[in-house]
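Structure, as structure tokens:
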Protein chains: 2
Amino acid sequence: MPELPEMAKGQLAGQAGALPAEHIRDVFVRYTELFSDCDDDGVAALYAEDAVLRDPVTGPAVQGRQAIRDWYQMAFDAMDCPMDMRLEGAVRVAGNLAAAALVVRTHSNGQPLRVDTLDVMQFNDDGLIAAMDAYFGPSNYHMD
Amino acid sequence: MPELPEMAKGQLAGQAGALPAEHIRDVFVRYTELFSDCDDDGVAALYAEDAVLRDPVTGPAVQGRQAIRDWYQMAFDAMDCPMDMRLEGAVRVAGNLAAAALVVRTHSNGQPLRVDTLDVMQFNDDGLIAAMDAYFGPSNYHMD
């Protein structure tokens with residue numbers, strides 16, 4: 001990591017004492033692997049007991065790890081498993097908040113389908129996901 | 001845009017009636033151009049009169065278009081203008097919310113500097129930016 005410019009030192013002072021960025025990146029990577037494998041239990045274990053999920057961010061909030069596990073089970077049941085979810089570019093880590101662009105490749109009605117999504121996650125002090133919002137809409141679905 | 005899978009139709013129903021995704025993408029692209037040119041007046045004109053900016057998201061809120069203009073002026077004065085800000089991947093559009101990964105290439109102390117950032121924007125019904133949060137931290141600074 002380079003010496004930060006003077007302006008950045010001031011801007012980013014509020015992020016001191018947060019989780020290691022490496023841990024947060026690892027959770028994003030593990031999330032893509034478990035999501036690709038449609039592993040609802042594994043994905044849910046990344047979340048805090050009282051976590052809140054909004055997927056998409058415009059949808060209703062799913063509250064609590066058990067409800068979140070059930071939500072992923074329902075979602076995976078409706079999809080063509082396994083899938084291929086990958087990070088698109090680096091995870092941006094801002095203290096205990098982080099965000100990353102993701103690309104999901106799957107099939108729908110026998111046709112290849114790509115969905116460009118983007119997850120914003122808030123972490124608690126134990127390194128678990130306390131909140132996750134997924135940003136995507138109809139314009140992010142592509143037949144390839 | 002392909003026919004959405006059944007599950008997506010339900011998930012995304014809440015996004016009906018929002019701004020055209022094309023408008024939101026255009027604002028992101030215009031933002032990168034104006035930011036690259038260090039055009040504080042131009043960037044500020046993309047924001048609503050009562051907009052709120054947090055850049056980074058962990059920092060203090062800057063409230064109102066005039067304060068936001070002054071904030072960009074201060075930021076550009078501290079940077080090596082012009083810069084090169086580009087989208088990294090597609091803009092993810094979820095109703096009047098949207099998010100995109102961005103890469104800024106500039107110089108600091110005469111050395112090349114790359115900053116990977118990611119902006120989450122909320123738009124008002126007039127198509128102006130009502131809120132913007134920028135996600136980045138020390139781990140997103142690179143000497144190349």
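Hydrogens, waters and symmetry mates are skipped; everything else that's a heavy atom, side chains included, is used. Chain letters run A, B, ... following the sequence lines, proteins first, then strands; residues in each count from 1.
A/M143 CE to B/E3 CD: the interatomic distance, rounded to the nearest 0.5 Å, is 9.0 Å. Here CE of A/M79 is found 3.5 Å from CE of B/M7. Values are rounded to the nearest 0.5 Å.
Contacts of residues 105-114 of chain A with chain B at a heavy-atom distance below 4.5 Å involve A/S108, A/L113, listed in sequence order. By a heavy-atom distance cut of under 4.5 Å, A/A21, A/R25 are the residues of residues 19-50 of chain A near chain B, going up by number. Of residues 118-132 of chain A, those residues lying under 4.5 Å from chain B by any heavy-atom pair are A/L118, A/V120.
One hydrophobic cluster holds both A/V93 and A/L102 under the rule that ILVMFWY side chains link at heavy-atom gaps under 4.5 Å. The cluster map of Ile, Leu, Val, Met, Phe, Trp and Tyr, joined by side-chain heavy atoms under 4.5 Å apart, puts A/L53 and A/F76 in the same cluster. Each of B/M85 and B/Y135 belongs to its own hydrophobic cluster when Ile, Leu, Val, Met, Phe, Trp and Tyr are linked at side-chain heavy-atom distances under 4.5 angstrom.
Highest contact tally toward chain B, considering only A/P60, A/G89, A/A90, A/A99, is held by A/A99 [criterion: heavy-atom pairs under 4.5 Å]. Of the listed residues (A/G95, A/A75, A/A18, A/G10), the one with the most heavy-atom contacts under 4.5 Å to chain B is A/A75. Considering only heavy-atom pairs separated by less than 4.5 Å from chain A, the leading option among B/T58, B/V91, B/D116, B/V103 is B/D116. Note: B/A101 leads B/G14, B/A101, B/A13 in heavy-atom pairs under 4.5 Å with chain A.
Applying the side-chain contact (heavy atoms from CB on, under 4.5 Å) test between B/R92 and each of A/V57, A/V115, A/N140 identifies A/N140 as the sole match.
With a 4.5 Å cut-off on non-hydrogen atoms, A/A134 does not touch chain B at all.
Side chains of B/L12 and A/Y141 form a contact here, defined as non-hydrogen atoms less than 4.5 Å apart.
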* To do: Would you check, one step at a time, whether the test side-chain contact (heavy atoms from CB on, under 4.5 Å) holds for B/Q15 with A/F136?
  => CA-CA 10 Å; B/Q15 297 181 13; A/F136 66 98; 5.8 Å; no
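Under the 3.5 Å distance criterion, the side-chain polar atoms of A/Q11 are left unmatched by any main-chain donor or acceptor of B/G59.
Identified under the salt bridge (Lys or Arg N to Asp or Glu O under 4.0 Å) test for residues 127-141 of chain A, with sequence neighbours left out: A/R54-A/D133.
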